[in-house]
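Everything on this sheet refers to the single structure shown next.
Proteins come first, then strands; the chains are lettered A, B, ... in the order of their sequence lines, and each starts at number 1.
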Amino acid sequence: METRKIATRDGFGEAIVEAGKKNPNVLVVDIDIGKSCKTAAFHKELPDQYLNVGIAEQNGAGVAAGLATCGKIPFVVTYAAFGSMRICEMIRQEICYPNLNVKIACSHGGLTPANDGASHQAIEDMGIMRTLPNMTVIMPADYYAAKALVKAAAEFEGPVYLRFTRDAIPVIYDENETFEIGKAKKLSDGDDVAIIANGDTVRLALEAAQQLREKGIGARVVDMHTIKPLDVNCVNTCIEQVGKIITVEDHNILNGLGSAVAEVIAEAGKGKLKRIGVQDQFGQSAPYERLLEMNGITVENIVAQAEKLLK
Amino acid sequence: MDRKELIQLKNKATELRIRIVDMIWKAQSGHPGGSLSVADFMTACYFKYMNVDPANPRWADRDRFVLSKGHVCPAQYAALAMKGFFPLEVLDTLRKEGSPLQGHPSMNKCPGIDISTGSLGQGLACAVGMALAGKMDKKDYRVFAAVGDGECNEGEIWEACGTAHKYKLDNLVVFVDWNNLQLDGTCEEIMPPVNLARKFEAFGFEVFECDGNDMAQLVEVMDKALASKNGLPKCIVGKTVKGKGVSYMENVCGWHGTAPNDAQYQQAMEELNALYIKEEA
């Protein structure tokens, strides 16, 4: 069966229009990559709620903070590499410290800006954002998850970092699926191994679980779309009921989803963990699937690691 | 402005300076030099121009003040206390554990602070955001921002200027506290400012220049800046003296972030108290 594929940045582009129509305080602050980040429809339909501050990310963050003090809900829209690292300290000082209602909405998360090369591949962003007090960090797993979580972020009071894929990725959810910020979604049952993933890697986890099932191994799949606040109850349930956990992410294995889950496991004092993710190395210009392969972010590796954990 | 009002404003500035030195002496920590150089602009804003309500610090229609050079917050804290945002005794808690008066301003701890600042270069963009919101909502509040000359080394200042110009923010007044001293030395030594007034002009501002420690001149240019509704954001480049009012601090780089000792405090109090002008009947 041919799977439908849509980039999650497209989900953002559609949902932000809906959010803006529902609440006129929702604004887009573009940094001259709006067309790429899918804000063109918002610009066209809601011109009075649209700003473009030029190629000036730092200023974009500050302007958004000032707008938020006046009751606006600005979405600063850029690429993940810039939205997390170029403006990290502005987000810390002017958005997270005063706990302002600003959203940083980033396309090109992880290795998905594949042929753009390492400069545009954000493999550190979620980890960096996760260490900022008051920040919420989200990566939706597909188009429908992106739409739902963008709308949830618009209604959530406080700073949120949202990360989307540049490339089209398979649709795994139904359009009526509901999502709650900070609440993980269990997508398949199984008590032999738990695969906790986020973003595009959720579909890899689902495929791996299918293959494991054919081998008689029950794999539980969890979509941890919010890595901060982490759904600690969900991780603890996995520890109690399954014990063996694999994390999968399109992010450096340092400080992202795998690290967040490892923190819970370490403090629980039980459970076994294998982290799959970018191997603390920069990417390069190459097809996205190849970049994932180079880092072992594949269905085959998830299956292999699951079998290894169960030995 | 009549002579009586001018004298009242000058005396307010003197009181502000006394409170600045007093709180930094009590804290034995803080930044007196820049607090004293910006004191006259701060006084003019809070005691002549700004429409604020101490009983309702987050009143939506208030004028905003952004202290982009956040380290000189003793000047703003003194103004807020004198205005009635919190009791004057609170000034004695500057930089102490649990105090609303953090070493750099925190909007969620201190009433009257419109945005947290302290990392240089960032406040002006926030002020631009506030002015933009005012234009979007068709409100007539104004946004006043104070930036340092050294702070203008930061690129984000100039990014923010671009946005202020693009969105025609004539409700924004930026005061450049040109005291010509940075932490490590003079502006010329550290990073020559070349010509701040022309720079702001080139970035699309309507620029006014004055002696930023001369209340009569300040009021004259502030009146002009606020009356000008031509779509251009306003910039006042105020030539100031770092440490103004305390002889041994004036133009001395070392007083950027040092607290006076007891003897120095006594001398400062004598010198500052001598600045009060007797009001005419």
Winner by heavy-atom pair count (cut-off under 4.5 Å) against chain B, out of [options]:
options	value
Q58(A), K72(A), R92(A)	Q58(A)
P98(A), G71(A), A65(A)	P98(A)
D48(A), L51(A), N99(A), L100(A)	L51(A)

What part of E57(A) gets within 4.5 angstrom of chain B, counting heavy atoms only: side chain, backbone, both, or neither?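 Contact with chain B: backbone only.
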
Checking heavy atoms, do the side chain of L27(A), its backbone, both or neither come under 4.5 Å from chain B?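 For L27(A), the contact with chain B is made by the side chain alone.
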
Flag, side chain of D177(B) to backbone of G148(B), donor-acceptor distance under 3.5 Å: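 Flag not set: sc D177(B) to bb G148(B) has no pair under 3.5 Å.
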
In terms of heavy-atom proximity below 4.5 Å to chain A, should A160(B) be classed as side chain, backbone, both, or neither?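 When you check distances to chain A, atoms from both the backbone and side chain of A160(B) fall under 4.5 Å.
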
With only heavy atoms counted, which part of K139(B) is less than 4.5 Å from chain A, the side chain, the backbone, both or neither?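 K139(B) has no heavy atom closer than 4.5 Å to chain A.
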
Does any donor atom in the side chain of T165(A) or T112(A) lie under 3.5 Å from an acceptor atom in the other side chain?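 Side chains of T165(A) and T112(A): no pair found under 3.5 Å.
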
Side chains of Q121(A) and Q284(A) only: does a donor on one sit below 3.5 Å from an acceptor on the other?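 Result is no, nothing qualifies.
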
Got a salt bridge between D53(B) and K83(B), using NZ or NE/NH1/NH2 to carboxylate O under 4.0 Å?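 The answer is no: the pair does not qualify as a salt bridge.
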
Max heavy-atom pair count under 4.5 Å with chain A, selected residue of [options]:
options	value
D137(B), D114(B), I157(B)	D137(B)
M130(B), E156(B), K166(B)	E156(B)
L124(B), V128(B), L132(B), V143(B)	L132(B)

Taking the six-membered ring for Trp, are H71(B) and H104(B) parallel (under 30°), tilted (30 to 60°) or perpendicular (over 60°)?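 Tilted, since the angle between the ring planes falls between 30° and 60°.
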
Please work out which of the three classes, parallel, tilted or perpendicular, describes the rings of Y46(B) and F65(B), given edges at 30° and 60°.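 It falls in the tilted class, 30° to 60°.
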
Does the Lys NZ or Arg CZ of R64(B) fall within the cation-pi geometry relative to Y141(B) - under 6.0 Å from the ring centre and within 45° of the axis?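 Ring-cation test returns yes.
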
